Amino acid sequence: MKSQGVTVRGPLFDTMVAHYLLEPDMRHNMDLLAETYLHYTPISITELIGKKGKKQLNMSELSPEEIYEYACEDADVTLQLKNYFAPLLEKNKVRKLFDEVENPLIPVLAAIEYEGISIDGNAMAESSKELAGYISDIEKQIYQMAGTTFNIGSPKQLGEILFDKLNLTGDKTKKTKTGQHATGEEVLSKLAGQHEIAQLILDHRQLTKLKSTYIDALPQLICARDGRVHTSFNQAVAATGRLSSTNPNLQNIPIRTEKGREIRKAFVPRDGSHLLLSADYSQIELRIMADFSGDATMKEAFQKGLDIHASTAAKVYHVGLDEVDSDMRRKAKTINFGIIYGISAFGLAERLRIPRREAVEIIDAYWQEFPAVKQYMDSAINSAREKEYAETILGRRRYLRDINSRNANIRGYAERNAINAPIQGTAADIIKIAMINIHNWIETEKLQTRMILQVHDELVFDAPKEELGIIQPKIAELMKTALPLSVPMEVGMGVGENWLAAH
DNA sequence: AGAAGTCTCGC
DNA sequence: CAAGCGAGACTTCTT
């Protein structure tokens with residue numbers, strides 16, 4: 001049996017901790033999780049998972065004895081690792097992170113996975129037919145314009161059609177690392193003014209993505225036993241401490257486009273007496289940046305409850321808050337995100353499609369107005385150079401062994417990690433604590449509300465209508481107070497007949 | 001059959 | 001060179 005996930009990637013004990021927390025494969029053993037942590041009578045994994053993708057199909061083909069053996073083996077691996085590493089854990093921050101966050105989170109995740117979420121399969125089937133029609137129409141138009149049929153889903157073939165046959169000219173004729181013509185969204189968007197076919201390809205891409213990844217895939221994962229979809233949350237996969245979600249990934253359900261939003265509408269409460277409640281942290285990463293840097297201007301914006309992007313725009317463009325137009329706000333929003341990721345002037349210019357010179361000016365103005373942010377970023381990099389790791393507020397470490405590399409490219413990547421990992425990871429720490437506290441509160445109050453999803457800064461609940469009055473203020477409070485910072489934490493909330501309406 | 005590459009969905 | 005973290009579908013290359 002494979003023991004992937006057990007691999008110890010680094011020599012230092014707290015890297016090992018991340019792996020002993022949870023053997024990732026174990027997360028798929030719902031029987032074991034339910035039995036161990038929820039004291040439910042385990043139901044057959046074959047029954048629960050039913051027909052799935054290729055990997056799960058193999059699982060279903062196992063006999064109950066084999067499944068049991070598999071589960072035991074996983075549990076045994078986890079236990080062995082735990083026994084081996086536990087004595088190495090001293091009374092330090094990482095120990096606390098394990099004892100007070102990651103370990104108590106396990107039963108919470110198990111409960112969420114076990115609970116599942118209802119998806120309207122009929123709506124999905126309707127959508128599938130509709131999309132198939134649109135896609136076939138677009139295909140015909142593309143073939144006509146190209147003067148030939150080809151596989152639109154093949155970047156290689158598409159590149160040859162666009163750039164060799166139709167002789168379209170990208171401004172730099174971007175190439176991928178294998179020497180092919182790049183045909184990504186960015187390239188095609190720029191080509192849209194030149195030839196109608198580019199927009200059609202983009203539309204085709206969007207529709208086939210929605211159809212194959214969501215509309216056709218999700219209904220297949222509806223569990224025959226309870227009619228719900230059960231994701232798996234990986235607790236020890238993302239380098240920053242975030243969760244990730246697989247089989248299916250419920251952390252990347254579309255919301256951006258109109259057609260995408262239709263998919264969100266198919267995520268519904270368990271029945272007519274329930275509603276979905278969505279609670280999300282507002283700008284949690286920027287608030288963490290404000291706290292870490294102590295920047296007076298940024299902290300003031302949050303303390304006053306201002307629109308942070310508009311506030312940033314007012315500062316950077318030296319205008320009054322009421323003079324900020326939508327374009328200034330949009331650019332400031334991009335800057336704010338860029339700050340968290342360690343952006344360059346080049347990157348900002350690319351994203352905003354503005355001249356380099358303008359991007360430099362904007363960034364200079366930003367440092368002028370938020371000097372403590374600049375100082376924080378420099379000190380984060382210096383600290384990582386010294387220690388070869390970056391850490392969150394709870395001491396969750398990300399090792400950055402490339403931080404002193406002589407290769408500027410590799411070093412730059414590590415430096416951006418040094419800035420981003422503490423921020424993204426602290427956000428993960430905070431929502432994990434909130435999840436534990438909320439789960440425990442629901443249990444002690446013996447409520448019927450169930451937490452059913454986590455999407456990095458959002459929690460989704462399936463709640464009886466009559467419990468909404470009690471749970472809304474309490475959930476908001478528990479999220480805000482999970483780990484108090486020097487700036488207030490805001491939580492947005494919505495209730496609805498589906499996940500889209502709950503936003 | 002599996003790995004690698006490309007692309008696109010989310011926060 | 002050039003913004004962080006993921007998962008999954010699909011095509012194409014390698015074994």
Side-chain angles (χ1 to χ4, degrees), chain A residues 53-55 58 150-159 174-188 201-202 204-218 221 231-234 237-257 259-261 263-264 280-285 289 334-352 356 359-360 363 377 390 398 400 407-425 427-428 431 453-458 499:
Chain A
K54 290 160 203 164
K55 283 174 190 171
N58 295 336
F150 64 101
N151 188 342
I152 303 169
S154 161
K156 189 172 172 238
Q157 293 179 37
L158 178 64
K174 257 194 189 171
K175 293 281 174 67
T176 63
K177 60 181 169 186
T178 53
Q180 284 179 35
H181 297 285
T183 67
E185 194 271 334
E186 211 171 310
V187 174
L188 293 182
I201 302 280
L202 285 170
H204 185 269
R205 285 246 177 94
Q206 192 207 10
L207 298 182
T208 51
K209 170 76 175 177
L210 295 179
K211 187 169 183 291
S212 67
T213 306
Y214 304 102
I215 291 170
D216 291 342
L218 286 171
L221 294 173
T231 186
S232 292
F233 282 106
N234 301 310
V237 168
T240 53
R242 272 190 175 184
L243 299 178
S244 77
S245 160
T246 56
N247 293 305
N249 179 357
L250 295 184
Q251 292 181 320
N252 72 343
I253 300 303
I255 193 167
R256 199 165 36 84
T257 64
K259 291 245 169 18
R261 284 194 282 272
I263 295 170
R264 240 172 223 249
D280 67 299
Y281 283 108
S282 156
Q283 307 297 345
I284 187 168
E285 294 190 346
M289 176 57 99
T334 305
I335 297 161
N336 278 333
F337 278 107
I339 290 300
I340 290 167
Y341 301 144
I343 200 177
S344 64
F346 178 90
L348 185 65
E350 280 288 300
R351 296 251 158 182
L352 287 175
R356 281 275 289 285
V360 170
I363 291 177
M377 288 170 63
R398 175 169 187 179
L400 300 169
N407 181 326
N409 222 347
I410 292 172
R411 188 177 64 244
Y413 187 70
E415 286 173 355
R416 291 194 293 279
N417 285 159
I419 294 165
N420 179 261
I423 295 172
Q424 194 181 113
I431 197 167
L453 286 179
Q454 187 255 44
V455 192
H456 310 305
D457 64 357
E458 173 188 11
W499 194 5

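Side-chain atoms are counted along with the backbone in the values below, which use heavy atoms only and exclude waters and symmetry mates. Note that the structure is a prediction, hence the values are computed from the model and not measured. Chain A is the first sequence line, chain B the second, and so forth, proteins listed ahead of strands; every chain is numbered from 1.
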Among dG6(C), dG4(C), dT11(C), the one nearest any side-chain atom of Ala239(A) is dG6(C)
Tell me if a side-chain donor or acceptor on Thr231(A) pairs with a main-chain N or O of Asn249(A) at a distance below 3.5 Å.
no
Point to revise | Separation of the C1' atoms in dC7(B) and dC1(C), to the nearest angstrom | key: 22 Å
At under 4.0 Å between heavy atoms, what does [X] touch on the DNA or RNA strands: base, sugar-phosphate, or nothing?
X	answer
Ile255(A)	sugar-phosphate
Arg411(A)	nothing
Thr257(A)	nothing
Ile253(A)	sugar-phosphate
Arg416(A)	sugar-phosphate
Ser245(A)	sugar-phosphate
Ala345(A)	nothing
Tyr413(A)	sugar-phosphate
Gly338(A)	base
Gln424(A)	base
Asn420(A)	sugar-phosphate
Glu285(A)	nothing

Over how many whole Å does the gap from [X] atom [atom1] to [N] atom [atom2] extend?
X	N	atom1	atom2	result
Gln454(A)	dG6(C)	CD	P	14 Å
Asp216(A)	dA9(C)	CG	P	11 Å
Asn409(A)	dC1(C)	CG	C1'	5 Å
Lys209(A)	dA7(C)	NZ	P	13 Å
Gln180(A)	dC10(C)	CD	C1'	13 Å
Asn249(A)	dC5(C)	CG	P	17 Å
Phe150(A)	dT11(C)	CZ	P	13 Å
Gln206(A)	dA9(C)	CD	C1'	16 Å

Taking the side chain as every heavy atom from C-beta outward, state whether [X] and [Y] have any atom pair closer than 4.5 Å.
X	Y	result
Tyr214(A)	Asn252(A)	yes
Lys209(A)	Thr213(A)	yes
Leu243(A)	Gln251(A)	yes
Lys175(A)	Gln180(A)	no
Met377(A)	Met289(A)	yes
His204(A)	Leu158(A)	no
His456(A)	Glu458(A)	no

The complete set of salt bridge (Lys or Arg N to Asp or Glu O under 4.0 Å) pairs with one or both residues in residues 245-256 of chain A, sequence neighbours excluded, reads none
Establish, with yes or no, whether the OP1 or OP2 oxygen of [N] is under 4.0 angstrom from a side-chain nitrogen or oxygen of [X].
X	N	answer
Asn417(A)	dC5(C)	yes
Gln251(A)	dC5(C)	no
Ser244(A)	dA7(C)	yes

Outer limits of DNA chain B sitting under 4.0 Å from a non-hydrogen atom of chain A, read 5' to 3', are dG5(B) to dC11(B)
